[in-house]
Amino acid sequence: MTATTTATTTATTTVTATMTATMTTPAAHRSAELEHRITQDPGRFRVLTGDRPTGPLHLGHYFGTLRNRVRLQDLGVDVFVLIADFQVLTDRDTAERLQEYTDGLLLDYLALGIDPARSTVFNHSSVPALNQLLLPFLSLVSVAELGRNPTVKDEIAHSRQSAVSGLMYTYPAHQAADILFCKGNVVPVGQDQLPHLELTRTIARRFNERYGNVFPEPDALLSAAPLLLGTDGTKMSKSRANSVPLGATADETARLIKGATTDADRHITYDPDTRPGVSSLVLLAALCLERDPHEVAAEIGAGGAAVLKRTVTDAVNSHLAPYRARRAEYAADLTYVRSVLRTGNERANALAERTLEEVREAMGTFR
């Protein structure tokens, strides 16, 4: 949905402006400066972003990250999109649906506007040189630094396992390899992911100080994306079975939204602090309709939850109809879809091998 993605909609602008106004930290100022530099000279930048193939992408991904990837691509930034299949192993015992979920990610990327001619889609398991960077990177950080990383703590908390594998603790170093193998210098993140990226910057800095200048210290491009709650009123997540998948049918979407949590107040208002469930639904409708959420809430007014959910359902299904049509077309030709990944892996492999050669030479192990 490239046209929708690159357009600045009324609803998105309203929400983004509100959130940006509250982001007054030094990191937020650096991010704003980075955004300005990207728009001035996009060819200087390379973005690394991606997803774990653990389930279908959903509306939270779409409004939170996917549209921004296409925006950056369309600006002229070199975008790398990682399908992090090795990271599925960090908190799951099996990966029996890995091919299905990988195909699903590819279908979503293509249908939403990721252009294989301008962006590179690849996966961990097909780029050995990337993963080989994990060993020297682990030598540059302590066990304590890995263990206190907030992202690792959160992953452990939601792993639903009685014991946590050692691989889980390598997650931050592996992500550093993801970013640095291609010399990525921009990483789109949320405020809560800054400590994770800071460890990547630390690894790059320590490597350069010890062995010579090889890696950039990537900067964070902070997301001001609106927060959409799941149907149960908590954070929308693939693992919590509370999301509305992008690939759902119109009927499935209606069923999921009908079961969403609201509250006892029949009069609909937009007040995220006191009415999070209702307000998230209002916001979702507003984003799809490209309108201000307060206006959407005012129009529904005394219509109650039933009218709200019907409004949201109609808005989502209308907004996603073009995407779903394109996704169905791509799904009819999985040979092409999988060839996109093979081509991306070839480019990623070439870059990873060159980077690994630089690393070996810098460390004195070049042969």
Side-chain angles (χ1 to χ4, degrees), residues 1 4-5 7-25 28 56-68 154 158 188-193 222-246 248 250 252-320:
M1 231 173 280
T4 302
T5 302
T8 303
T9 67
T10 302
T12 302
T13 301
T14 299
V15 175
T16 300
T18 300
M19 296 185 69
T20 302
T22 64
M23 294 166 57
T24 58
T25 65
L57 295 178
H58 52 66
L59 287 168
H61 294 121
Y62 172 62
F63 287 110
T65 63
L66 297 174
R67 298 202 309 172
N68 193 41
D154 183 66
H158 291 95
V189 295
Q191 189 84 26
D192 60 332
Q193 296 170 303
L222 284 178
S223 171
L227 174 64
L228 292 174
L229 300 180
T231 54
D232 62 353
T234 67
K235 179 181 178 181
M236 191 177 291
S237 170
K238 290 182 289 186
S239 62
R240 297 179 187 179
N242 67 353
S243 63
V244 179
L246 294 176
E252 289 169 342
T253 299
R255 177 180 57 80
L256 291 167
I257 293 174
K258 185 177 181 179
T261 298
T262 53
D263 58 36
D265 187 348
R266 180 175 175 80
H267 191 84
I268 301 302
T269 59
Y270 181 66
D271 189 349
D273 291 334
T274 61
R275 305 186 70 186
V278 166
S279 296
S280 183
L281 288 172
V282 171
L283 176 59
L284 177 54
L287 288 167
C288 291
L289 294 169
E290 303 179 8
R291 298 184 58 193
D292 183 277
H294 295 280
E295 294 178 359
V296 173
E299 281 191 5
I300 297 171
V307 174
L308 170 61
K309 291 178 180 181
R310 188 160 59 247
T311 301
V312 174
T313 298
D314 291 345
V316 170
N317 282 333
S318 177
H319 187 77
L320 291 184

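Quantities reported herein were computed from a predicted structural model and do not represent experimental measurements.
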Could you give the distance from [atom1] ([X]) to [atom2] ([Y]), rounded to the nearest 0.5 Å?
X: Cys288; Y: Leu283; atom1: SG; atom2: CG; answer: 9.5 Å
X: Arg275; Y: Leu281; atom1: CZ; atom2: CG; answer: 10.5 Å
X: Leu59; Y: Met236; atom1: CG; atom2: CE; answer: 5.5 Å
X: Leu57; Y: Ser243; atom1: CG; atom2: OG; answer: 9.5 Å
X: Leu228; Y: Lys235; atom1: CG; atom2: NZ; answer: 12.0 Å
X: Thr262; Y: Ile268; atom1: OG1; atom2: CD1; answer: 7.0 Å

- Are any non-hydrogen side-chain atoms of Asp265 and Val278 less than 4.5 angstrom apart? no
*Residue pair Val189 / Leu222, side-chain heavy-atom distance below 4.5 Å*: yes
Hey, does the side chain of [X] reach the backbone of [Y] with a donor-acceptor pair shorter than 3.5 angstrom?
X: Ser279; Y: Tyr270; value: no
X: Asp292; Y: Ala286; value: no
X: Ser280; Y: Pro276; value: no
X: His319; Y: Val316; value: no
X: Arg266; Y: Ala302; value: yes

In Leu284, Thr253, Asn317, the residue satisfying side chain to side chain contact (heavy atoms under 4.5 Å, CB included) with Val312 is Leu284
- Message: Do Arg67 and Tyr62 form a cation-pi contact, if we require the NZ or CZ to be under 6.0 Å from the six-membered ring centre and within 45 degrees of the ring's axis?
- Response: yes
Shortest non-hydrogen pair, Leu229 vs Gly277, comes out as CD1-N, 4.2 Å
On a heavy-atom basis, the closest approach of Ile257 and Lys309 is O-CD, 3.4 Å
